Amino acid sequence: MKVVVGGLVATYPLGGVAWDYLAYVKGFEALGCEVLYLEDTGQWLYHPRAGTFVPDPSFHVRYLKRTLQQVSEHAAKRWALRGPDGSYYGWTAAQVEHFCRQADLFLNVSGSCWLRDQYRGARCLAYLDSDPGYTQAKLWAVEQGTATEDECFSAGLIRAHTHFFTVAENIGAGDCLVPSCGLEWKPTRQPIVLSDWPFTFTPRARRFTTVMSWKIDVRPPQIAGVQYGDKDIEFLKFLDLPNHTPAWLQVAVSGKAPRDELRRHGWHVIDGYTCSRTMGIYRRYLQHSRGEWSVAKNAYVATRSGWFATRSAAYLASGKPVVLQDTGFSRILPTGEGLFAFRTREDAIAALERIESNYRGHCEAARDLAETHFGAEQVLVRLLQDCGLA
């Protein structure tokens, strides 16, 4: 089977981002698929050292080549990046078009790839919504006649696909406010290549950590007259948490966060980029943590989407207990051992206390959860089945 995976590894050259998208590449390869990694946003690329988007992709090409070499020998040879000026790096435009015509599946993760005509030859064109609420807000705006030109263009590309997946696993439930907008969304979840995230027991680790962006500089989603927001809104609700628990709480944060205020309230604050420069650095940071404590984007929480973080799944696979703000995922995944969902400060305090009461047991439960619910092969086999390809 031939599969094209669209992603954002070069566009956002950060270790955490690379793990998110390349799990699909490695997972499909483990199933015996021939995989092409394709990146084509039609936009400039983010340069983390400059802190802005740039038109020159040379840094990003080098980063992508190095990163794919860490995935597999095949991945290092089958990739293409289309630069902002239309130039192709890695495979040529002709090679990409030929592979797409032969492909069984074109998986557009995060809708990251511009679905150009030459990419549309695959038997199945699948859109994978990794940002629930934000994706549907574009479709909703078009339906209401309030969309911008960019939103109309994006909505048109979304609807050009043949199959639709979302990590809003609670979609369709009575309490979920993420609209379908006339599309048949199939729930899916982030795959984790378990061999990449071995159980790592570090009883001397003291800090519960997370890696996050404070606020993404995009238009906040608005659906049915309700304006939703980002992580900053939710984090501030728990600003004083360190003063109510003996747990050490550290946040590796990017963006315009109020770092001094966070420190005044007892948070250990470090720079997000230093923990995510490469895939290896990012993995080591997670695996040398005691566990994770994190909020989610307001749009995920308020809509009861059922979203669950790829990052949190990686913590679980590493045997790190996770305390994550509930988005509705507690209806889908088992909680109380290794994984805890919280809505209030008191919920979070109780979860941290319970982890400390049997730390080794919760570490083992975390790994068991990852093996049972997030293994790449089982996640991707189900996706192929939902596409009618397995």
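Please read these numbers as outputs of a predicted model, since none were measured by experiment.
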Check: Trp114 ring centre within less than 6.0 Å of Tyr119 ring centre: no
Please find out if less than 6.0 Å separates the ring center of Phe53 from that of His47. no
Could you tell me whether the side chains of Tyr285 and Gln250 share a donor-acceptor contact shorter than 3.5 Å? yes
Ignoring hydrogens and geometry beyond distance, is a side-chain donor-acceptor pair present between Ser87 and Asp85 at under 3.5 Å? yes
Any side-chain donor near an acceptor of the partner, Thr135 and Asp131, under 3.5 Å: no
Taking atom types as modelled and ignoring hydrogens, do the side chains of Thr210 and Tyr315 form a donor-acceptor contact shorter than 3.5 angstrom? no
Over 12 foreign heavy atoms within 6.0 Å of CZ, Arg206: yes
For Lys26, is there an ion pair with Glu29 - N to carboxylate O distance below 4.0 angstrom? no
State plainly whether the residues Asp230 and Lys215 are in salt-bridge range, i.e. N to O under 4.0 Å. no
Passes side-chain contact (heavy atoms from CB on, under 4.5 Å), Val301 versus Trp307? Steps please. CA-CA 8 Å; Val301 175; Trp307 170 92; over 6 Å; no
Measuring centre to centre across the rings, with the benzene-like ring taken for any Trp, is Tyr228 within less than 6.0 Å of Tyr134? no
Side chains of Ser294 and Arg311: donor-acceptor distance under 3.5 Å anywhere? yes
Donor-acceptor pair between Glu292 and Ser312 side chains, under 3.5 angstrom: yes
Is there a path of hydrophobic side-chain contacts, each under 4.5 Å between heavy atoms of I, L, V, M, F, W or Y residues, that connects Leu128 with Leu384? yes
Atom CH2 of Trp248 with >12 non-hydrogen neighbours under 6.0 angstrom: no
So, do Trp91 and Phe99 have ring centers that fall under 6.0 Å from each other? yes
For Trp293 together with Trp267, are the ring centres under 6.0 Å from each other? yes
Does the side chain of Thr202 pick up a donor-acceptor pair with the side chain of Arg290 at under 3.5 Å? no
Assess whether atom CD of Glu346 is packed by more than 12 heavy atoms of other residues, nucleotides or ligands within 6.0 Å. yes
Under a 4.0 Å N-O cut-off, is there an ion pair linking Lys2 with Glu34? yes
Taking the six-membered ring for Trp, is the centroid-to-centroid distance between Phe340 and His362 below 6.0 Å? yes
Decide whether His161 and Asn108 meet the rule of one side-chain donor and one side-chain acceptor closer than 3.5 Å. yes
Residues Tyr37 and Glu39: side-chain donor-acceptor under 3.5 angstrom: yes
Which atom pairs, donor and acceptor, lie under 3.5 Å between side-chain atoms of residues 368-383 and protein residues at least two apart or in another chain?
residue : atom : partner : partner atom : Å
Glu371  : OE2  : Arg367  : NE           : 3.0
Thr372  : OG1  : Asp368  : O            : 2.8
Gln378  : NE2  : Thr372  : O            : 2.6

Could you check Ser110 against Tyr21 for side-chain hydrogen bond (donor to acceptor under 3.5 Å, both in side chains), going step by step and ending with a plain yes or no? CA-CA 9 Å; Ser110 306; Tyr21 293 98; 2.7 Å; yes
